[in-house]
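All values below were derived from every heavy atom in this structure, side-chain atoms included, with hydrogens, water molecules and symmetry-related copies excluded. Small disclaimer: the values here were computed from a predicted structure and weren't measured. The first residue of the sequence shown is numbered 1, and numbering continues consecutively from there.
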Amino acid sequence: MSSILSIEGLDVYFLSVTGRKRVVCSLDISVREGEVYSLIGASGSGKSVLLKSILRLLPKNTLLEGRILYKNFNLLDLAEDELNRIRGKEITIVFQDPMSSLNPTMKVGDQVAEVLESAPRNGRLSKREIKEMVYSILEEVGLKNPKVIYNLYPHHLSGGMRQRVMIAMALIAKPNVMLLDEPTTALDVTLQLSILELIVSEIRRRNISALFVTHDFSVVSIVADRVGVIYKGYLVEEGKREDVLKNPLHPYTKALIDVIPTPVRGKFILPFTLNVETEVEGYSKSCPFYRFCNMATEECSYNVPEMVNVSDSRRVRCIKYLGGV
């Protein structure tokens, strides 16, 4: 299966008067056609920065090095007008907080219609056709009475309804790729499951490729085909969902899985914290996880291990696996 989106050797730096901080480190991942790739890591690990890098939505004090290939075009090389033909049309994004993404002064339906009107089409759609298509997509994402919803403002809707509107906006342009930035984090558990099921069903039905970032392995177990685990900007493990969940190889992956609540135990606390401010140039000389790893050796303190292929579908960044598994 070919890749529709490939990130190759991506480094992302935040620049300031005190120097530069690397927040994404030589990242290599690919999203295959029709699959959901889930990138999981704690807050501050670089997940959201990666998504914004793909569509070049980061602030001006950001430096990006490497390649982000979409249909073999490097998105980092495109002029702004060229990128605008792709951004929000062929590649769409759903953010974590819909209230900060929706325009509070515009009716919900008009905002969805605006996306549709900006998408490239053969022929010109009439206002009536656009409105009917908006009604249809609102109903498809589970919003009853779409004609009523169309004329409401975002503050009239609940959090779950606003997130459904955001999903509708991402789907109506008929994208090839969807980027999802923890779209259910702010919702309660019951509503979270409903939204996740909606996202998965619509992605599968429309054969959309998706890059879904989260901090929660229970979400991964629902949505993902393949999983990448990121820590302090480094990809530390990658594999099929079932393999990573049942047999995690990296100690950080094991720690993330251990915090998932189960009926026989409560929720564990991660035995470490993630302080983004400490991730400066100096730490790039050591394994990013060695200070918290019970398998660490002296070599881990001065060497960043490469990603090791332990099988056709598994990769891990750990010195323990240099000789295989």
Side-chain angles (χ1 to χ4, degrees), residues 5-29 31 37 39-70 73-106 111 114-115 118 154 162-163 166 169-170 173 175 177-183 185-186 210-215 228 230-235 273-284 288:
L5 180 69
S6 297
I7 290 90
E8 299 181 353
L10 183 67
D11 288 301
V12 180
Y13 299 90
F14 287 159
L15 310 178
S16 69
V17 293
T18 59
R20 63 181 191 174
K21 296 177 182 177
R22 187 163 64 154
V23 291
V24 173
C25 308
S26 302
L27 194 71
D28 289 292
I29 63 171
V31 181
Y37 185 105
L39 190 66
I40 182 169
S43 297
S45 58
K47 310 182 302 295
S48 296
V49 171
L50 171 63
L51 291 193
K52 293 177 181 178
S53 298
I54 293 170
L55 293 178
R56 285 169 34 194
L57 298 175
L58 292 169
K60 292 182 179 180
N61 67 323
T62 310
L63 174 64
L64 287 81
E65 297 177 344
R67 300 202 304 169
I68 300 175
L69 300 178
Y70 168 68
F73 291 100
N74 184 3
L75 298 181
L76 300 185
D77 288 341
L78 296 183
E80 193 69 16
D81 61 335
E82 295 174 313
L83 184 61
N84 281 335
R85 297 191 193 104
I86 296 172
R87 187 165 49 197
K89 303 171 183 68
E90 295 186 41
I91 303 177
T92 59
I93 188 166
V94 178
F95 291 107
Q96 183 177 137
D97 179 13
M99 199 60 187
S100 64
S101 301
L102 293 170
N103 186 335
T105 67
M106 285 181 66
Q111 296 189 56
E114 189 176 56
V115 176
S118 68
R162 287 194 292 265
Q163 197 59 281
M166 290 298 300
M169 293 172 69
V177 178
M178 278 182 68
L179 311 176
L180 299 116
D181 188 4
E182 305 205 51
T185 296
L211 177 54
F212 192 117
V213 306
T214 181
H215 65 275
I230 187 172
Y231 179 73
K232 285 195 173 182
Y234 287 93
L235 188 71
T273 58
L274 183 66
N275 186 348
V276 179
E277 292 304 313
T278 64
E279 183 53 41
V280 290
E281 298 287 344
Y283 280 103
S284 63

Q: Applying side chain to side chain contact (heavy atoms under 4.5 Å, CB included), run through Leu211 and Val177 and close with a yes or a no.
A: CA-CA 8 Å; Leu211 177 54; Val177 178; 5.6 Å; no

Q: For Gly66 and Leu76, which heavy atoms make the closest approach, and how far apart are they?
A: O-CD1, 3.5 Å

Q: Do Asn61 side-chain atoms and Phe14 backbone N/O form a donor-acceptor pair below 3.5 Å?
A: no

Q: Which atom pair, heavy atoms only, marks the closest approach of Ser26 to Asp11?
A: N-OD1, 2.7 Å

Q: How about Leu64 and Thr62: do any of their side-chain heavy atoms sit closer than 4.5 Å?
A: yes

Q: Quickly, which of Ile29, Asp181, Ile68, Val213 forms a side-chain contact (heavy atoms from CB on, under 4.5 Å) with Leu50? Name it, please.
A: Ile29

Q: In Å, rounded to the nearest 0.5 Å, how long is the span from CG of Leu83 to NZ of Lys89?
A: 9.0 Å

Q: Using modelled atom types and a 3.5 Å cut-off, is there a donor and acceptor pairing between side-chain atoms of Gln111 and backbone atoms of Asn103?
A: yes

Q: Return the CZ to CG distance between Phe95 and Leu51, rounded to the nearest 0.5 Å.
A: 8.0 Å

Q: If we only count heavy atoms from C-beta on, is the Ile230 to Ile40 side-chain gap below 4.5 Å?
A: no

Q: So Arg67 and Ser6, do their side chains get closer than 4.5 Å, heavy atoms only?
A: no

Q: How long is the span from the CG atom in Leu63 to the NZ atom in Lys21, to the nearest 0.5 Å?
A: 15.5 Å

Q: Could you list the residues that satisfy side-chain hydrogen bond (donor to acceptor under 3.5 Å, both in side chains) with Asn84, not counting sequence neighbours?
A: Arg87

Q: Could you tell me which residues satisfy side-chain hydrogen bond (donor to acceptor under 3.5 Å, both in side chains) with Asp28, sequence neighbours excluded, listed by chain and number?
A: none

Q: Hey, does Val94 have a side-chain heavy atom less than 4.5 Å from the side chain of Leu179?
A: no

Q: Tell me the salt bridge (charged side-chain N to carboxylate O under 4.0 Å, His left out) pairs involving residues 46-63, sequence neighbours left out?
A: Lys47-Glu182, Arg56-Glu80

Q: Do Leu10 and Glu65 have side chains that get closer than 4.5 Å, going by heavy atoms?
A: no

Q: Between atom CD1 of Ile91 and atom CG of Leu75, what is the distance when rounded to the nearest 0.5 Å?
A: 5.0 Å

Q: Give a yes or no on whether the backbone of Pro183 and the side-chain of Gln163 come within a donor-acceptor separation of less than 3.5 Å.
A: yes

Q: Over all heavy atoms of both residues, which pair between Ala173 and Gly88 is shortest? Give the atoms and the distance, please.
A: CB-O, 3.8 Å

Q: Should Glu90 and Tyr70 be marked as a side chain to side chain contact (heavy atoms under 4.5 Å, CB included) after you check the CA-CA gap, both sets of side-chain angles, and the distance that decides it?
A: CA-CA 10 Å; Glu90 295 186 41; Tyr70 168 68; 2.6 Å; yes

Q: Go through it in stages, so that I can follow the logic: the residues are Ile7 and Ile54, the test is side chain to side chain contact (heavy atoms under 4.5 Å, CB included), and I'd like the CA-CA distance, side-chain angles, deciding distance and then a yes or no.
A: CA-CA 9 Å; Ile7 290 90; Ile54 293 170; 4.2 Å; yes

Q: Is a side-chain donor or acceptor of Ser45 paired with a backbone partner of Ala42 at a separation under 3.5 angstrom?
A: yes

Q: I want to check something: taking the side chain as every heavy atom from C-beta on, are Ser53 and Val24 in contact at a cut-off of under 4.5 Å?
A: no

Q: Just so I know, are the side chains of Tyr234 and Cys25 near enough to count as touching, which here means a heavy-atom distance under 4.5 Å?
A: yes

Q: Going through the checks in order, is the side chain to side chain contact (heavy atoms under 4.5 Å, CB included) test met by Val12 and Leu58?
A: CA-CA 10 Å; Val12 180; Leu58 292 169; 4.0 Å; yes

Q: State, yes or no, whether a side-chain contact exists between Leu55 and Ile93 at a heavy-atom distance under 4.5 Å.
A: yes

